[in-house]
Peer 1: 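Got a structure for you, questions after.
Naming convention: chains lettered A, B, ... in sequence-line order (proteins, then strands); numbering from 1 in each chain. Nothing here was measured: the structure is a model prediction, and the numbers come from that model.
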Amino acid sequence: MKYKTIKGVQDILPPETFLWQEVEQTAKEIFSLYGFKEIRTPILEFTELFVRSIGETTDIVEKEMYTFQDRAGRSITLRPEGTASVVRAYIQHGLSQLPAPQKFYYIGPMFRYERPQKGRYRQFHQIGVEVFGVDSPDVDAELIDMIRAFLQRIGLDSLSIEINSIGCEQCRPFYRERLIEFLSSGVDTLCNDCQRRYQKNPLRVLDCKVPTCKEFIKDAPRITDFLCDGCKEHFQKFQQRLKALEIQYSINPEMVRGLDYYTRTTFEITSNALGAQNAVAAGGRYDRLVESFGGPPTPAVGFAIGMERLIVLLSELKPPRDKGPMVYFVTLGEEASEFAFKELSHIRSAGFSAEMDFRRSSLKSQMRRADKAGARLVFIVGEDELSKGIVKYRDLREHTEGEIDKQGVLDFLKNFNF
RNA sequence: GUGAGUGUAGCUCAAUGGUUAGAGCACUGGACUGUGGCUCCAGGGGUUGUGGGUUCGAGUCCCAUCACUCACCCCA
């Protein structure tokens, strides 16, 4: 085969596209109930935007971005995530001047040059949400509530919700020192990856999977014990709200987010049916990012849903099915074919999905194709029928049949109980 | 970037180193000359991922390479 998709990207074919449409439509409906409006930002941005927001030393920036020079020599990057672009747009268009909170959602492809595996692709799709201008933990809880509502609506309840607070620029550095202190007592017992993490991002040692490391960090200091008064209160209020909504969650003080810009609240929605990449949705608060981009100090919080992962769960639950046309015309002879061709257009205009068999073949094989296509109703038109001024119909589901006046096709459909 | 596994028809898979690489499903047609599903019959569809090597002979063994899958790393 000469041409195929490049590594880590994929075609999405029907009937799976039905599932994608359902997910997107449900997200739009639920999110708008919560006051969110769609924002569409470009897939291309200046590289600098992502380097500054995600963090220079993160893996995403260091080795996973699709970056290239445009024809004028500027460094351009295919977005690896959505938040940076939305923040840029928020500042660029002066949206901070509008009444807070400003609430946005977006749906679209993201790109990261990673080795593909289950639930991880080089082009993947996210539904993301951002709220600007309110620092209250009520918003954080509202977001969790919205995710829950969304997942419930598409039929995925019983996913686990994990939350954490990673503090702010006041308390986190202090905790970081304590943690480094603790780790230094046993660096040489840690795995190779953790030796590296110890140097680069000590917090990451916390969610190492190696048993010996797990054993060692069991006694490590916990971020939640080192939060400053402000962060502590924020985290408690957040939980109070979750309880008020009767949302089941667990605190995971070892949950570390990969992007540098997070502050205070972080959370993940995971499923144990997904393999190693088990996060369906994840997000958190980023109170300093807008300011660091040159905007006014603006607290913000958001999350992203991984669509491919969602689809995996969903298609196990209810395998996607093609929906056939309501009506299928089977014809014999040129005159009948022309009659059907015109009817086809009329009834489609009236809102009925309809097909006809353009191939000149036996009645039997046309019937067979009508069945394969999943049609509900077949109209049979031949010379006999036309000369009598009628068409025959057959209901493929109820196995009933009859005749109707050939002028009355549309009326028949309008009264038909599909 | 690291490791392991797998590459044969559109899909899922067979084929001890030995004839012309098969089956099920799917597709097309027929049995039923104007009636779907069930059944039966027939047909189309393959550079066995690619390139080397070993051998009288390779889908099968060896090497390389590419792709896919899963895991690590990291993350939605």
Side-chain angles (χ1 to χ4, degrees), chain A residues 1-2 4-10 13 54-55 57-65 79-83 107-129 147 191-194 196-197 200-201 204 207-210 255-259 266-271 274-284 302-313 324 328 330-333 336 357 359 361-385 392-399 401:
Chain A
M1 195 179 309
K2 194 168 177 187
K4 32 194 275 189
T5 51
I6 62 180
K7 186 198 281 280
V9 313
Q10 55 188 346
L13 308 173
I54 298 166
T57 60
T58 57
D59 275 26
I60 293 179
V61 167
E62 277 185 349
K63 48 191 194 196
E64 294 176 3
M65 295 203 304
R79 64 181 184 196
E81 58 110 38
T83 300
I107 301 176
M110 307 292 163
F111 304 85
R112 292 183 201 170
Y113 193 89
E114 301 181 87
R115 190 83 159 242
Q117 70 183 75
K118 190 177 176 70
R120 195 178 71 181
Y121 308 96
R122 289 184 171 181
Q123 174 175 338
F124 60 103
H125 298 78
Q126 289 187 335
I127 305 178
V129 155
I147 297 175
C191 71
N192 286 342
D193 284 328
C194 282
R196 183 175 50 78
R197 293 183 182 114
K200 196 173 137 185
N201 189 349
R204 287 229 158 275
D207 59 3
C208 184
K209 290 162 193 158
V210 177
M255 183 173 69
V256 180
R257 308 269 57 234
L259 287 59
T266 60
F267 56 86
E268 273 187 12
I269 317 296
T270 58
S271 161
L274 278 177
Q277 311 301 323
N278 62 356
V280 178
F303 69 83
I305 297 169
M307 289 187 77
E308 280 80 1
R309 295 179 187 180
L310 203 60
I311 298 287
V312 165
L313 296 176
Y328 197 100
V330 162
T331 65
L332 291 168
D357 208 314
R359 278 179 286 188
S361 57
S362 70
L363 182 61
K364 180 170 194 68
S365 71
Q366 290 190 59
M367 287 297 293
R368 203 182 318 211
R369 283 197 283 261
D371 183 54
K372 294 258 171 62
R376 173 67 193 274
L377 214 50
V378 170
F379 285 125
I380 300 165
V381 196
E383 280 149 26
D384 295 352
E385 285 78 10
K392 286 182 178 161
Y393 72 84
R394 175 175 288 196
D395 182 334
L396 294 191
R397 194 170 79 194
E398 302 299 325
H399 315 290
E401 52 190 345

Peer 1: Quick check: any donor-acceptor pair below 3.5 Å linking the side-chain of R120(A) to the base of C73(B)?
Peer 2: yes
Peer 1: Is there side-chain contact between R79(A) and P109(A), with heavy atoms separated by less than 4.5 Å?
Peer 2: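 Yes, at least one pair of side-chain atoms sits under 4.5 Å.
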Peer 1: Roughly how many Å apart are U60(B) and U47(B), using the P atom of each and rounding to a whole number?
Peer 2: 16 Å
Peer 1: Expressed in angstrom and rounded to an integer, what is the separation of N278(A) atom CG from A76(B) atom P?
Peer 2: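 In whole Å, A76(B) P lies 12 Å from N278(A) CG.
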Peer 1: For R394(A) and for D207(A), locate the closest nucleotide of RNA chain B by heavy-atom distance; then report the residue assigned to the nucleotide nearer the 5' terminus.
Peer 2: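 So the residue in question is R394(A).
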Peer 1: Checking only heavy atoms, does the side chain of E401(A) share a donor-acceptor pair with the base of G36(B) at less than 3.5 Å?
Peer 2: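 No, no donor-acceptor pair under 3.5 Å.
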Peer 1: Any non-hydrogen side-chain atom of F303(A) less than 4.5 Å from a side-chain atom of I269(A)?
Peer 2: no
Peer 1: Rounding to an integer number of angstrom, what distance separates C11(B) and C68(B) when you compare their P atoms?
Peer 2: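 Comparing P positions in C11(B) and C68(B) gives a spacing of 15 Å.
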Peer 1: Which value, in whole Å, describes the distance between the C1' atoms of nucleotides U6(B) and C13(B)?
Peer 2: 13 Å
Peer 1: Nearest of C74(B), G34(B), C70(B) to any side-chain atom of R196(A)?
Peer 2: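 Closest of the options to the side chain of R196(A): C74(B).
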Peer 1: Indicate, with a heavy-atom threshold strictly under 4.0 Å, whether E64(A) touches base, sugar-phosphate, or nothing.
Peer 2: sugar-phosphate
Peer 1: Kindly indicate whether the side chain of V378(A), heavy atoms from C-beta on, has any atom under 4.5 Å from the side chain of Q366(A).
Peer 2: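 No. Closest side-chain heavy atoms not under 4.5 Å.
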Peer 1: Rounded to whole angstrom units, what separation is found between the CG atom of D384(A) and the P atom of U35(B)?
Peer 2: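 So the CG-P distance, D384(A) to U35(B), works out to 12 Å.
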Peer 1: Go ahead and write out RNA chain B as dot-bracket, 5' to 3': ( ) for pairs within the strand, [ ] for ones crossing earlier pairs, | when the partner sits on another strand, dots for unpaired; Watson-Crick or G-U wobble, both distances under 3.5 Å.
Peer 2: (((((((..((((....[...)))).(((((.......))))).....(((((..]....))))))))))))....
Peer 1: Would you kindly check whether a donor in the side chain of K118(A) faces an acceptor in the base of U69(B), or vice versa, at under 3.5 angstrom?
Peer 2: no
Peer 1: If you define the side chain from C-beta out and look only at heavy atoms, does anything of I107(A) sit under 4.5 Å from Q126(A)?
Peer 2: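 Of all side-chain heavy-atom pairs linking Q126(A) with I107(A), none is under 4.5 Å.
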Peer 1: What are the atom names and distances for every N/O pair under 3.5 Å that joins the protein to nucleotides 4-6 of chain B?
Peer 2:
none

Peer 1: Let's see if you can work this out: which of C70(B), G37(B), C27(B) has an atom nearest to the side-chain heavy atoms of K372(A)?
Peer 2: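 My answer, after comparing the listed nucleotides, is C27(B).
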Peer 1: Can you find a pair of side-chain heavy atoms, one from I127(A) and one from M307(A), that are under 4.5 Å apart?
Peer 2: yes
Peer 1: Please write out each protein N/O paired with an N/O of nucleotides 64-68 of chain B under 3.5 Å, distance rounded to 0.1 Å.
Peer 2:
unit_1 : atom_1 : unit_2 : atom_2 : d
A67(B) : O2'    : K4(A)  : NZ     : 3.3
C68(B) : OP2    : K7(A)  : NZ     : 3.2

Peer 1: Do I54(A) and E81(A) come close enough that some side-chain heavy atom pair is under 4.5 Å?
Peer 2: yes
Peer 1: Decide yes or no for Y113(A) and R122(A): does some side-chain heavy atom of the first lie under 4.5 Å from some side-chain heavy atom of the second?
Peer 2: yes
Peer 1: What integer distance in Å separates L332(A):CG from U35(B):C1'?
Peer 2: 9 Å
Peer 1: Among E308(A), Q277(A), K7(A), M110(A), which residue satisfies the side-chain contact (heavy atoms from CB on, under 4.5 Å) criterion with Y121(A)?
Peer 2: E308(A)
Peer 1: Just N and O in the side chain of R397(A): are any of them under 4.0 Å from OP1 or OP2 of G36(B)?
Peer 2: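 Answer is no, no contact under 4.0 Å.
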Peer 1: Nearest of G29(B), G37(B), A76(B) to any side-chain atom of S361(A)?
Peer 2: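 Output: G29(B).
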Peer 1: Who are the salt bridge (Lys or Arg N to Asp or Glu O under 4.0 Å) partners of E383(A), not counting sequence neighbours?
Peer 2: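 Counting only residues at least two positions away or on another chain, E383(A) forms no salt bridge (Lys or Arg N to Asp or Glu O under 4.0 Å).
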Peer 1: Is there a side-chain contact between N201(A) and T57(A), using heavy atoms and a 4.5 Å cut-off?
Peer 2: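 No, their side chains stay 4.5 Å or more apart.
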Peer 1: Classify the nucleic acid contact of E62(A) as base, sugar-phosphate or nothing, counting any heavy atom under 4.0 Å across all strands shown.
Peer 2: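 No contact.
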Peer 1: Run the side-chain contact (heavy atoms from CB on, under 4.5 Å) check on V330(A) and D357(A) step by step: do they pass?
Peer 2: CA-CA 6 Å; V330(A) 162; D357(A) 208 314; 5.6 Å; no
Peer 1: Write down the distance separating the C1' atoms in U20(B) and A15(B), rounded off to the nearest Å.
Peer 2: 14 Å
Peer 1: Under a 4.0 Å N-O cut-off, is there an ion pair linking K392(A) with E385(A)?
Peer 2: yes
Peer 1: Using the C1' atom on both, measure U50(B) against A58(B) and round to a whole Å.
Peer 2: 16 Å
Peer 1: Do any side-chain nitrogens or oxygens of Q277(A) fall under 4.0 Å of OP1 or OP2 in A76(B)?
Peer 2: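 Q277(A) to A76(B) OP1/OP2: no side-chain N or O under 4.0 Å.
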Peer 1: Quantified in whole Å, what is the C1' atom distance between nucleotide A23(B) and nucleotide U8(B)?
Peer 2: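 Straight-line distance between the two C1' atoms is 13 Å.
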Peer 1: Could you check whether R196(A) pairs with D193(A) (Lys NZ or Arg NE/NH1/NH2 to Asp/Glu carboxylate O, under 4.0 Å)?
Peer 2: yes
Peer 1: Between G44(B) and U28(B), how far is it from one P atom to the other, in whole Å?
Peer 2: 16 Å
Peer 1: Using whole Å, report how far CG of L274(A) lies from P of C70(B).
Peer 2: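 Whole-Å distance recorded here is 11 Å.
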Peer 1: Return no unless some side-chain N or O of Q126(A) is found under 4.0 Å from OP1 or OP2 of A76(B).
Peer 2: no
Peer 1: Rounded off to whole Å, could you give me the CD-to-P distance for the E308(A) and C70(B) pair?
Peer 2: 13 Å
Peer 1: Let's see if you can work this out: which of U28(B), G37(B), A76(B) has an atom nearest to the side-chain heavy atoms of R359(A)?
Peer 2: U28(B)
Peer 1: With distance as the sole criterion, is a donor-acceptor pair present between the side chains of S361(A) and R369(A) under 3.5 Å?
Peer 2: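 S361(A) vs R369(A): donor-acceptor pair found between side chains.
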Peer 1: Under the rule for salt bridge (Lys or Arg N to Asp or Glu O under 4.0 Å), what residues qualify as partners of E114(A), not counting sequence neighbours?
Peer 2: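 So E114(A) forms a salt bridge (Lys or Arg N to Asp or Glu O under 4.0 Å) with R120(A).
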Peer 1: Considering only atom C1', compute the distance from G49(B) to U35(B) and round it to an integer number of Å.
Peer 2: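 Their C1' atoms lie roughly 46 Å apart.
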Peer 1: Under 4.0 Å between a Lys/Arg side-chain N and an Asp/Glu carboxylate O for R112(A) and D59(A)?
Peer 2: no
Peer 1: Please work out which residues in residues 362-369 of chain A have a non-hydrogen atom less than 4.0 Å from an atom of RNA chain B and list them by number.
Peer 2: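 Residues of residues 362-369 of chain A under 4.0 Å from RNA chain B: S362(A), L363(A), K364(A), S365(A), M367(A), R368(A), R369(A).
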Peer 1: Could you check G306(A) against K209(A) and say which one's nearest nucleotide on RNA chain B is further toward the 5' end?
Peer 2: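 The residue closer to the strand's 5' end, by nearest nucleotide, is K209(A).
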Peer 1: With a 4.0 Å cut-off on heavy atoms, is F379(A) in touch with a base, just the backbone sugar-phosphate, or nothing at all?
Peer 2: nothing
Peer 1: Looking across every strand, which nucleic acid part, if any, lies under 4.0 Å from A370(A) by heavy atom: base, sugar-phosphate, or nothing?
Peer 2: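 Touches nothing.
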